[in-house]
Amino acid sequence: MPELPEVETIRRGLLPVMEGQVISTLTLRRAGLRWPFPEGMAEQVSGAKVLLLRRRAKYILADLDRGTTLLFHMGMSGRILIDGAAPDDRQHTRTTPQKHDHAIFDMDNGARITFNDARRFGMLDLFATESAAQQSLLSTLGPEPLGNDLHADWLIERFANRRSPIKTALLDQRIIAGLGNIYVSEALWRAKIHPETAIGVLRPDQIETLVRDIRAVLAEAIAAGGSSLRDYRQTDGELGYFQHAFAVYDRATSPCPRHGCTGQIVRLVQAGRSSYFCPTCQPRG
DNA sequence: ATGGGGGCCTGCCGGC
DNA sequence: TGCCGGCAGGCCCCCA
């Protein structure tokens with residue numbers, strides 16, 4: 001799926017057509033994605049004004065003027081595309097729905113926002129804004145890695161005496177919210193930490209370095225508009241381009257790009273997911 | 001308690 | 001050309 005940088009890029013793309021704007025009609029083209037949509041969601045959203053468009057982890061949250069919040073999650077293959085926003089936009093690629101277009105937001109400002117998701121691991125939900133913090137999808141999330149919520153001291157404490165491999169710990173949204181398979185591999189490479197290292201043996205200085213590298217790789221990816229491998233697109237249909245900056249992800253057998261390192265990138269499967277790393281400059285902890 | 005595996009879906013790519 | 005296995009930016013659930 002889109003990880004944090006891709007979701008943030010999508011949010012920024014939606015801002016000008018959604019925030020402060022009225023949804024004239026929400027059209028649902030199936031009964032649900034991962035789960036059934038809430039009863040009456042289309043009616044409750046149609047006519048509502050979006051007060052604020054925010055992001056939490058990999059979720060986009062639209063607070064509506066009816067005391068409700070609309071939640072988007074892109075799953076693995078979800079896309080959001082905007083048509084007809086600008087007066088000179090003659091593309092209108094979505095004048096007729098395409099395959100896997102599941103939800104269509106027609107805005108008062110003329111924009112059409114389409115949620116497309118081939119694999120249907122994505123989510124659309126609606127709940128009372130005041131209950132958002134208790135919402136089951138959001139309540140267990142850990143700190144945001146960007147901003148001021150993530151502290152190395154907290155991670156050092158959280159990791160003490162635990163044996164879980166750092167790769168799987170960083171994918172755990174309860175520990176840090178928003179990382180996914182790409183940026184975990186990239187951050188571990190930057191921090192020179194082997195993905196199988198038990199979190200309990202990491203030194204405090206390694207964890208401090210890791211926090212800095214997580215922040216840096218996410219910020220750089222956002223600046224590049226995210227990474228496009230298969231499904232991900234920005235809301236204008238454009239590709240992100242951070243994939244060109246990957247050091248290790250999907251680069252098995254390539255030479256390690258670290259200056260002075262002569263190692264070769266290796267693919268490893270952990271908990272059913274691919275990890276990529278350089279055995280030479282990411283020694284076992 | 002927590003770490004790993006299976007399942008959810010569709011699409012694409014490579015090998016035979 | 002077609003079929004089949006493997007793989008994919010995620011997350012929930014169940015089991016040891």
Side-chain angles (χ1 to χ4, degrees), chain A residues 1-11 29-36 55-60 71-80 98-102 115-125 135-142 145 158-188 195-200 214 217-218 220-222 224-235 239-253 267-276:
Chain A
M1 123 155 222
E3 303 182 30
L4 188 156
E6 290 74 37
V7 176
E8 178 61 20
T9 302
I10 291 168
R11 187 188 74 87
R29 305 189 65 246
R30 56 181 302 122
L33 294 169
R34 279 194 72 159
W35 300 290
R55 179 189 58 73
R56 174 74 171 106
K58 302 172 193 172
Y59 298 92
I60 292 174
L71 171 148
F72 299 81
H73 191 279
M74 319 307 295
M76 290 280 259
S77 55
R79 294 186 194 182
I80 290 179
Q98 298 178 16
K99 197 174 184 184
H100 307 306
D101 285 355
H102 305 310
F115 186 104
N116 177 288
D117 183 8
R119 295 176 71 183
R120 304 205 304 272
F121 292 168
M123 309 171 199
L124 270 187
D125 200 4
Q135 218 272 347
S136 61
L137 297 165
L138 305 176
S139 62
T140 56
L141 291 172
R158 188 91 158 66
F159 284 178
N161 302 313
R162 295 179 63 187
R163 280 184 308 241
S164 126
I166 185 65
K167 165 69 190 305
T168 49
L170 293 181
L171 285 179
D172 185 341
Q173 303 297 295
R174 296 170 300 184
I175 297 177
I176 299 178
L179 294 177
N181 213 35
I182 291 176
Y183 298 106
V184 167
S185 277
E186 293 297 314
L188 289 174
E196 289 181 315
T197 307
I199 55 179
I214 287 169
V217 73
L218 294 176
E220 289 171 30
I222 290 171
S227 307
S228 293
L229 297 183
R230 280 161 286 272
D231 298 301
Y232 168 73
R233 294 290 184 280
Q234 300 187 45
T235 51
L239 301 174
Y241 51 95
F242 192 73
Q243 65 277 11
H244 304 301
F246 291 167
V248 292
Y249 184 81
D250 206 18
R251 298 245 190 279
T253 76
R267 174 177 177 265
L268 165 77
V269 176
Q270 293 175 274
R273 315 285 310 274
S274 293
S275 296
Y276 298 89

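In what follows, chains are A, B, ... by sequence order, proteins preceding strands, each numbered from 1.
At least one side-chain nitrogen or oxygen of A:R273 sits closer than 4.0 Å to the OP1 or OP2 atom of C:dG10. Between A:H100 and B:dG11 there is a side-chain polar atom (N or O) within less than 4.0 angstrom of OP1 or OP2. Under 4.0 angstrom from either OP1 or OP2 of B:dG3 there lies at least one side-chain N or O belonging to A:R162. An OP1 or OP2 oxygen of B:dT2 is reached within less than 4.0 angstrom by no side-chain nitrogen or oxygen of A:S164. Between A:S274 and C:dA8 there is a side-chain N or O to OP1 or OP2 distance below 4.0 Å. Between A:K58 and the phosphate of C:dC11, there is a side-chain N or O to OP1/OP2 separation shorter than 4.0 Å.
A:R119 places its CZ atom 11 Å from the C1' atom of B:dC12, with the value rounded to the nearest Å. At whole-Å resolution of the value, CG in A:L138 and C1' in C:dG10 are 15 Å apart. Rounded to whole Å, the distance from OH on A:Y183 to C1' on C:dG10 is 15 Å. Rounded to whole angstrom, the span from the CZ atom of A:R79 across to the P atom of B:dG11 amounts to 12 Å. As rounded to whole Å, 10 Å separates atom P of C:dC11 from atom CE of A:M76. The nearest whole Å value for the distance from the CE atom in A:M74 to the C1' atom in C:dA8 is 16 Å. For the pair A:I175 CD1 and C:dC11 P, the computed distance is 14 Å after rounding to whole Å. Atom CG in A:L179 sits roughly 10 Å away from atom P in C:dG10 (whole-Å rounding).
Residue ring and base: A:F121 counts as stacked with B:dC8 (centre distance below 5.5 Å, interplanar angle below 30°).
The listed nucleotides are B:dG4, C:dC11, B:dT10; the one nearest the side chain of A:T168 is B:dG4. For A:R267, the listed nucleotide lying nearest its side chain is C:dA8; candidates were C:dA8, B:dG11, C:dC11.
Under the Watson-Crick or G-U wobble criterion, with both distances below 3.5 Å, B:dC9 has no partner in any strand shown. Across all strands shown, C:dT1 remains unpaired; no Watson-Crick or G-U wobble contact has both distances below 3.5 Å.
Using cut-offs of 30° and 60° for the angle between ring planes, the A:F242 and A:Y183 rings count as tilted.
Along DNA chain C, the nucleotide closest to A:W35 and the one closest to A:R233 are compared, and the more 5′ of them pairs with A:R233. Nucleotides of DNA chain B nearest to A:L33 and A:R163 differ in position, and the one nearer the 5' end is that of A:R163. Across the interface with DNA chain B, nearest-nucleotide mapping of A:R174 and A:A271 shows A:R174 to be the residue nearer the 5′ end. Ranked by how close their nearest DNA chain C nucleotide is to the 5' end, A:G272 and A:Q173 are led by A:G272.
Interatomic distance, CD of A:E196 versus CG of A:L268, reported as 4.5 Å (0.5 Å rounding).
A:K99 comes within 4.0 angstrom of the backbone, heavy atoms only, and of no base. Using a 4.0 Å heavy-atom distance criterion, A:L137 is classed as a sugar-phosphate-only contact.
At distances below 3.5 Å, not a single donor-acceptor pair connects side-chain atoms of A:Q234 with backbone N or O atoms of A:T9.
A:F115 has its side chain within reach of A:M74: a pair of non-hydrogen atoms, C-beta onward, lies under 4.5 Å apart. Looking only at side-chain heavy atoms (C-beta outward), A:F159 and A:I175 come within less than 4.5 Å of each other. A:Q173 places a side-chain heavy atom less than 4.5 Å from the side chain of A:K58.
Straight-line distance between the P atoms of B:dG7 and C:dG5: roughly 15 Å, to the nearest whole Å.
Between the side chain of A:R120 and the base of B:dC9 there is no donor-acceptor pair of N/O atoms closer than 3.5 Å.
A:I10 and A:T235 make their closest contact through O-CG2, 3.7 Å (heavy atoms, listed as atom of the first residue, atom of the second, distance).
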